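Down below is the structure, laid out as structure tokens.
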Amino acid sequence: MHYRPIGKTSVSAIGLGAMPLSIEHRPDERRATATIHAALDAGITLIDTADSYHWHAGEAGHNELLIARALAHYGGDTSDLLIATKGGRGRPGDGSWTVNATPSHLKRAAEASLRRLGVEAIGLYQLHKPDPAVPWADSVGALRELLDAGTIRSAGISNVTTHQIREAHAILGAGLVSVQNQYSPAVRESEPELRLSTQLGLAFLPWSPLGGISRSSLDGPSGPVATHTAFHRVAAERGVSPQQITLAWLLNRSPAMIPVPGASRPASIQASAEATDLELSAAEQRQLDEALPR
């Protein structure tokens, strides 16, 4: 396993996106627990979750509680594990997502996540999405208060613009350690945010990193999946999966990049972990870059 920094913490270069274990079409708890354990066995030391990762109404924190139970029943050492959770979004149970990033809500949400995870302080707490009804500085200010109170050890922001990154960095200083935006071969609108994160020394955790190669957990059953891309051709030549080639390509995009692919089966996250050992040649990297949608 290779490692990359999130603030002062070194984590596996690929993390586990735990959302598929709790939302629609989730596996039973036995398989979900086996998936988390497989990630740990593979050397993964970053798990990404959120209080809004659940399916039905009244299940807030389902994913966090699931992770806490799985860790309690894991026989190995988890002292180097970083759990990154998020607050500021909700799910009323009808498939939709809401946003609430008022300072009072974020502080209550962080304290609830702390209790569910059963930790002394949340390793990385991320503001899930800017709330258009709340001044950005007010929402980020809540993260500052959580840092000062010791409720969280570090802060991150998600679904943000370069302007919002700069403003949050001015408020949080070294307390801001990560940015989590959508980024994949098919969706690269966050290229400016990736560049800025790299410049500022912030980890960039792309969500839905396999977009265009694998169906996201948020896609419907008929969601589009490409099957004859350059990623598939390089994968066939190397004898690995297109998903592994995609993760290796992402890691080459920036030293700040730490993909957190979702998984609902042990084999999926084991394969993702193996991608950290894949080294693309300059010719392969060029072939993949030239084939990207313009």
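Because the structure is a prediction, the values reported are computed rather than measured. For reference, positions follow the sequence shown, starting with 1.
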Taking [X] for the side chain and [Y] for the main chain, is one N or O donor matched with an acceptor at less than 3.5 Å?
X	Y	value
R4	L251	yes
N100	G88	no
H169	L176	no

- Under-4.0 Å salt bridge between R91 and E59: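 No.
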[X] versus [Y], closest heavy-atom pair with distance:
X	Y	value
A275	A248	O-CB, 4.3 Å
S264	L21	CA-CD2, 3.7 Å
M1	G43	CG-O, 3.7 Å
A84	L46	CB-CD1, 4.2 Å
S178	Q126	OG-OE1, 4.2 Å

Quick check: do [X] and [Y] have side-chain heavy atoms less than 4.5 Å from each other?
X	Y	result
D131	H105	no
W249	Q285	yes
V240	E274	no

Reported [atom1]-to-[atom2] distance for the pair [X] and [Y], which is rounded to 0.5 angstrom:
X	Y	atom1	atom2	result
R26	H54	CZ	NE2	9.5 Å
I67	L71	CD1	CG	7.0 Å
Y74	D41	OH	CG	4.0 Å
T98	K129	OG1	NZ	10.0 Å

- Quick note, ring pair (Phe, Tyr, Trp, His ring centres under 6.0 Å) partners involving residues 262-290, not counting sequence neighbours, are none
- Item | N63/T49 under side-chain hydrogen bond (donor to acceptor under 3.5 Å, both in side chains): CA gap, chis, key distance, verdict | CA-CA 7 Å; N63 202 238; T49 181; 2.6 Å; yes
- Item | Enclosure of R166 CZ (heavy-atom neighbours >12, cutoff 6.0 Å) |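 It does not: R166 CZ has 12 such atoms or fewer within range.
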- Message: Around atom CZ of R265, are there more than 12 heavy atoms from other residues, nucleotides or ligands closer than 6.0 Å?
- Response: no
- Audit row: S113, E64, side-chain hydrogen bond (donor to acceptor under 3.5 Å, both in side chains) steps and yes/no: CA-CA 7 Å; S113 292; E64 294 170 326; 2.7 Å; yes
- Can you hop from L247 to Y183 via hydrophobic side chains spaced under 4.5 Å? yes
